[in-house]
Amino acid sequence: MTKNQEPRDPSGSEPRKAAARKPSINHAVLPAGSAGPAAATESQITLRSPAELADALPYLLGFHPTDSLVMVALHGEGGRFGGRLRVGIPADPGEWEDTARQVADCLVHGSERRGAKPDSIVVFLCQDPRDEESGQRVMTRLRPLAQRIRIACGALDVPVLEALCVSAGRYWSYCCPDARCCPAEGTSLTAPGTSVMAAAATYAGLRVRGSLQEIEGRLAPLRGSFADEQERALDLAATALVPKILDGATREEVGADTLELARTLMRRLALAPPADGGPCAEDWDDALLGHGEAASLILGLQDREVRDIAAEWMEDEEAAPALRLWRALARRCVGAYREHAAAPLTLAGWVSWSTGDEPTARIALGLALRADADYRFAQLLHHACNEGIDPEGLRECLRAERGRREPRRKRATAVTRPPGRPRAGRRAPRSRAGSEQ
């Protein structure tokens with residue numbers, strides 16, 4: 001089996017809150033012709049085996065998926081890669097049939113809306129073993145889900161060309177019966193960074209940002225005594241600020257104080273960059289914020305007008321400290337205030353998308369919707385990001401609004417267009433896949 005793939009800007013997405021007994025699907029289906037801002041030239045890479053398909057998965061998404069069902073559409077005789085979709089694997093097997101129908105419908109009809117029904121689909125089921133469970137046992141346990149997906153896709157007249165289970169550093173094929181290439185004990189994945197796909201992705205400027213679990217962990221609420229202290233600070237701040245926010249006479253005063261505090265904290269973060277981008281970076285930023293400061297800012301950002309002004313810090317020298325601040329605030333939304341994380345998570349997703357990090361943007365926006373499924377700003381951004389819309393349009397609106405409010409302000413790099421999708425008329429790199437027997 002052969003599949004060809006050119007690295008493109010990766011994508012991923014998060015499910016919203018699941019309704020009782022029926023999963024809610026929040027998907028990311030990229031247009032077949034989309035490309036990442038770093039991909040400067042058109043190229044074609046041939047993937048000749050299930051092993052190379054499994055190795056390509058993190059580069060398709062931008063991260064290593066964990067506990068994920070991933071589907072990729074293929075188009076034409078050459079099997080050009082098109083849209084892709086990622087959802088969490090439901091823990092209850094009773095939900096698998098509904099999930100299979102929904103994901104098949106999302107991918108097939110989403111691709112049709114963009115002009116082309118898939119000719120076939122590749123499926124990945126990625127889940128690490130639980131307790132003393134082996135990878136082979138994971139593959140066996142998930143086989144009914146793979147079968148339901150194949151049936152659901154077949155009902156839409158789109159065959160599943162390959163279905164792989166990836167677990168414990170190995171992969172298994174649900175479609176290939178040949179033990180010579182797909183043995184029962186599975187096949188080891190290629191060592192990270194050693195494949196043709198890894199080399200091509202590096203050349204194109206694409207990178208894998210760790211695992212989905214790691215990225216979500218950087219945005220997850222803090223725990224332990226630190227979280228207890230933060231919740232007490234939030235209680236105190238709520239007692240002091242909520243009446244003022246609800247009072248029209250003092251609402252603007254609270255908003256101005258919130259924005260001034262946010263600017264102060266951004267300056268503090270900018271003057272104290274973390275030593276590295278590893279796990280310690282979050283601890284470093286958490287130590288720079290006081291509990292009271294974080295509480296006041298979290299509550300102030302619940303005001304839509306304040307949040308919209310904060311969204312203007314999306315580029316140039318403001319973007320990096322703003323992103324660090326929004327992530328830190330999301331981690332401080334603990335206990336009874338977890339729903340308040342929708343605002344900082346949405347801002348984190350927006351800044352990530354505005355600066356060209358679409359995979360992280362989708363994850364952050366998905367988490368925002370998990371915190372509050374009805375948060376409109378997150379809904380709009382998540383939909384736009386998944387639809388492949390260029391964020392430059394929203395950046396221009398926010399710049400114009402800021403220009404009216406701050407007429408004397410000049411952008412430091414006004415001639416530099418932030419990362420985003422290529423403007424109309426510019427030829428974008430194309431992604432291809434193909435099939436050889």
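What you see is a predicted model, and the numbers here were worked out from it, not measured in a lab.
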Donor-acceptor contacts under 3.5 Å from residues 163-171 side chains, at least two apart:
from   : atom 1 : to     : atom 2 : distance (Å)
Ser167 : OG     : Gln127 : O      : 2.7
Arg170 : NE     : Glu185 : O      : 3.0
Arg170 : NH1    : Ser188 : OG     : 2.9
Arg170 : NH2    : Gly186 : O      : 2.9
Tyr171 : OH     : Ala51  : N      : 3.4

With sequence neighbours left out, write down each residue that passes side chain to side chain contact (heavy atoms under 4.5 Å, CB included) with [X], or none if nothing qualifies.
X: Ala73; answer: His75, Leu107, Ser111, Pro118
X: Ala378; answer: Thr346, Ala368, Leu369, Tyr375
X: Ala330; answer: Pro344, Leu345
X: Cys181; answer: Cys176, Asp178

[X] side chain vs [Y] backbone, donor-acceptor pair below 3.5 Å:
X: Gln102; Y: Thr99; result: no
X: Arg209; Y: Ile215; result: no
X: Ser120; Y: Leu161; result: no
X: Thr140; Y: Gln136; result: yes

Rounded distance [0.5 Å steps], NE2 in His382 versus CG in Leu367 |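 Spacing of NE2 (His382) from CG (Leu367) equals 9.5 Å.
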Task: salt bridge (charged side-chain N to carboxylate O under 4.0 Å, His left out): pairs with one or both residues in residues 133-144, sequence neighbours excluded - done: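 The answer is Glu133-Arg141.
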Using the ring pair (Phe, Tyr, Trp, His ring centres under 6.0 Å) rule, collect all pairs that involve residues 204-231, keeping only residues at least two apart or in two chains.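 Qualifying pairs: Phe226-His291.
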>> If you define the side chain from C-beta out and look only at heavy atoms, does anything of Val70 sit under 4.5 Å from Val87?
In response: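 SC-SC contact between Val70 and Val87 ruled out.
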Pairing residues for Ser173 by the side chain to side chain donor-acceptor pair (under 3.5 Å) criterion, not counting sequence neighbours:
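Residues passing side chain to side chain donor-acceptor pair (under 3.5 Å) with Ser173: Glu162.
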Tell me every residue that passes ring-ring contact (aromatic ring centres under 6.0 Å, His included) with Tyr337, counting only those two or more places apart in sequence or in another chain.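 Scan of Tyr337 (ring-ring contact (aromatic ring centres under 6.0 Å, His included), adjacent residues dropped) gives His340.
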Run the salt-bridge test on Glu387 and Arg114 with the 4.0 Å N-O cut-off and return the result as yes or no.
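Counted as a salt bridge, because a side-chain N and a carboxylate O are separated by less than 4.0 Å.
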Return the set of residues passing salt bridge (charged side-chain N to carboxylate O under 4.0 Å, His left out) with [X] (not counting sequence neighbours), or none when no residue passes.
X: Arg324; answer: Asp285
X: Asp308; answer: Arg304
X: Arg332; answer: none

